[in-house]
Amino acid sequence: MSNKEKATKISWLTLAFMAFSTVWGFGNITNGFVYFNGPQVIFSWIFMFALYFIPYALMVGELGSAFKNEGGGVSSWLHQTTNAKLAYYAGWTYWACHITYIASKGSGFLKALSWAVFRNAETYDSFPTRYIQLATFCILLLGCYIASLGLNPLKKLLTAAGTCTFVMSLLYIVMMFAAPAINPTAEYVHANLSFSSLIPNFNVTYFTSLSILVFAVGGCEKISPYVNKVENPSKGFPRGMITLAVMVVTCAILGTLAMSRMFDPAIINASAESFNAYVANSSYWAFQKLGQYYRVGDLFMIIYALCNVISQLAVLILSIDAPLRMLLDNEHTKQFIPQALHKVNAHGVHSNGIKMVAVLSGSIILAQSFVPGAAAVLRQLTKLNSVCMPMRYLWVFAAYIALRNAYDTIPAEYRFVKNQAGNQAAQTFLRLKRQLGGKLITFFKTEPQFAAAGLPPIDLKRAVAFGTAGFGTQHFYFRSVKTHIKHGIKAFFEDFQLLGKFGIVFIDNFFHHTEIKIGISQAGRRPKTNIPVQRLRLGRQ
């Protein structure tokens, strides 16, 4: 390997920090603390990590290990496990979801910069929307220019952003725990951390708010287009994902405990104005208050704000580059994409694709010049992203299910679950019910339950349920092996109200020595039961 090739390779530790900057931010700690009644979010974090984030990160690690030479990320994974058309749908969906997200990152950059310069929240909110949006558009153009320079600037910027975010999170945790000993006369909150006080109220508000935590820990698959740029990718990529999971869990749990000594949930929830103020500014207030404990004024807050400026810019550039690679780097989906978009510059970047992103995201930015108030623009973009962004995760779930079905034909040096026979203790099922749009999503049932419901019998022997998946008004039953991916993906595009709360069902011995039938039924309509069970044959177009 030449020195030039070595310079473009990514180490597993660098990959971990790159992924950390895309997945995690200190604001995730404060948002969880504010929305879930302070320390009670610890229970929700543990729940989310155990049932979603850790399995998801390790699943992405296994996919990266299996397809170590593929540069199209999720799109390439779908092509290798299903066919070219679904791979194109995956790449297009992932790219389209990021158009609104890209439009919002410039505003986050400007807000962080405003805190670093003016040291308060009011100044940014007082700026005319027209000027804020024009400045945001300039930030977008800057991000597009840096993205056009290739992988090296992106790698360095993301590594710096991930390192800053992780170091600042650890700094806050350590210094907050040490503050009572160093400055015992300062005012601290004495939170009740008994087991009973950490159990939240399981009501409708709680379950509908879980999407905040899902959104907070999602996004590690955004690094997938760089698998073939990693040193020893079959081992390095999963190692980076495992390191990412450890870093996120550490920051979330310890950060929440540290924050419980600083902020009182009763004050946060005292009024709607107080709650909204904490949602928008609590991360900056946390470091500002930490500086007061150590008698250094706003020093820590300024450092954090500058780190956040770097992080916002880095994630903006990654959000421009990575989705384009998923859409355009897969050789097998070129037939579905206009030829002009495949133009590559001297740095190996799709230059026309970047121009298209600038036009689309820039249009959203300029259109919001008519929204009164910069803070209102941020709230509007946050709501828009919460609708669009979850759709990207569905393709990763589909790719992993198909990969597990091809366990014996697609090798991988790293396996999330190494024993295909699975855990015999999980022979029954793991089922969640969630009310979405007035309808209940019903998941895996054991053979007697299927028979009682009038459904065909299934053998769940050797099966392992890792989670559950429910999307809007569709009821997913595992019926025909041949049509599993096709029916599932078709539903994603036919029914956009599928976006919402969701999980993932992973069956460790999916379709191996197991008769499982897959079907989709609308409310009030039974799935057909006479489709012959057959092994999934992986086809490509």
Side-chain angles (χ1 to χ4, degrees), residues 23-42 44-45 48 100-101 103-116 118-127 129 132 165 168-169 172 189 191 200-201 203-218 251-252 255-256 258-290 301 304-305 308 311-312 315 368 371-387 389-390 501:
V23 171
W24 195 253
F26 188 79
N28 292 335
I29 301 175
T30 57
N31 284 341
F33 191 88
V34 170
Y35 277 101
F36 289 86
N37 197 30
Q40 287 186 353
V41 75
I42 293 175
S44 303
W45 278 129
M48 190 60 60
T100 57
Y101 184 72
S104 68
K105 298 313 291 181
S107 297
F109 174 95
L110 292 174
K111 180 163 186 175
L113 187 62
S114 174
W115 267 97
F118 302 108
R119 308 181 189 182
N120 62 68
E122 293 74 23
T123 302
Y124 177 80
D125 293 340
S126 66
F127 287 141
T129 306
I132 288 292
T165 302
M168 291 304 295
S169 298
Y172 176 82
V189 175
N201 295 321
N203 50 31
V204 174
T205 302
Y206 172 82
F207 286 108
T208 55
S209 298
L210 283 176
S211 61
I212 296 170
L213 303 188
V214 172
F215 189 69
V217 297
C251 289
T256 300
M259 195 160 289
S260 66
R261 299 299 311 274
M262 180 177 286
F263 295 127
D264 187 351
I267 296 177
I268 295 174
N269 297 309
S271 65
E273 292 77 10
S274 174
F275 180 84
N276 291 333
Y278 272 92
V279 169
N281 304 295
S282 55
S283 58
Y284 298 100
W285 286 342
F287 280 95
Q288 192 173 47
K289 200 167 185 179
L290 185 66
M301 185 272 292
Y304 167 72
N308 202 20
S311 180
Q312 293 288 336
V315 175
Q368 289 182 320
V371 177
V377 171
L378 276 177
R379 286 195 299 270
Q380 189 179 82
L381 287 172
T382 300
K383 292 177 181 179
L384 189 60
N385 287 327
S386 68
V387 173
M389 292 302 283
K501 312 299 183 299

Chi angles and distances behind the side-chain contact (heavy atoms from CB on, under 4.5 Å) call for Gln40, Tyr206: CA-CA 11 Å; Gln40 287 186 353; Tyr206 172 82; over 6 Å; no

How close do Ala112 and Ala305 get, counting heavy atoms only, and between which atoms? O-CB, 3.5 Å

Can you tell me if Ser260 uses its side chain to pair, donor with acceptor, with the backbone of Gly38 under 3.5 Å? no

Enclosure of Arg261 CZ (heavy-atom neighbours >12, cutoff 6.0 Å): yes

Gap separating the CG atom of Asn281 from the OH atom of Tyr124, nearest 0.5 angstrom: 11.0 Å

Can you see which heavy atom on Ala258 is nearest to which on Tyr172, and at what distance? CB-CE2, 3.9 Å

Once rounded to the nearest 0.5 Å, what's the spacing between atom CD of Gln288 and atom OG of Ser283? 11.0 Å

For the student: nearest non-hydrogen atoms of Leu210 and Met48, plus distance: O-CE, 3.9 Å

Please confirm whether Phe36 and Trp45 have ring centers closer than 6.0 angstrom. no

Would you find a donor on one side and an acceptor on the other, under 3.5 Å apart, between the side chain of Lys289 and the backbone of Phe263? no

Locate the shortest heavy-atom distance separating Thr123 from Ser126; write the atom from each residue and the value. O-OG, 2.6 Å

So, taking the atom named OG1 in Thr165 and the one named OH in Tyr304, what distance separates them when rounded to the nearest 0.5 Å? 8.0 Å

What distance do Asn276 atom CG and Ser271 atom OG have between them, rounded to the nearest 0.5 Å? 8.5 Å

Quick check against the 3.5 Å criterion: does Asn201 have a side-chain atom that pairs as donor or acceptor with the backbone of Asn203? no

I need the minimum non-hydrogen distance between Asn28 and Ala216, along with the two atoms involved. ND2-O, 3.3 Å

I need the minimum non-hydrogen distance between Val189 and Asp264, along with the two atoms involved. CG2-N, 3.9 Å

Kindly compute the distance separating OG (Ser311) from CZ (Phe26), expressed to the nearest 0.5 Å. 13.0 Å

With heavy-atom distances below 4.5 Å as the criterion, would you say the side chains of Leu290 and Met262 are in contact? yes

Check the pair Phe275, Val34 against side-chain contact (heavy atoms from CB on, under 4.5 Å), reporting the backbone distance first and the verdict last. CA-CA 7 Å; Phe275 180 84; Val34 170; 3.5 Å; yes

How long is the straight-line distance from OH of Tyr278 back to CZ of Phe33, given to the nearest 0.5 Å? 9.5 Å

Step-by-step side-chain contact (heavy atoms from CB on, under 4.5 Å) determination, Tyr101 to Val315: CA-CA 10 Å; Tyr101 184 72; Val315 175; 3.5 Å; yes

Angle between ring planes, Trp115 versus Tyr284, binned at 30° and 60°: parallel, tilted or perpendicular? parallel

Let me see the working for Val217 and Trp24 under side-chain contact (heavy atoms from CB on, under 4.5 Å), right down to the final yes or no. CA-CA 7 Å; Val217 297; Trp24 195 253; 3.9 Å; yes

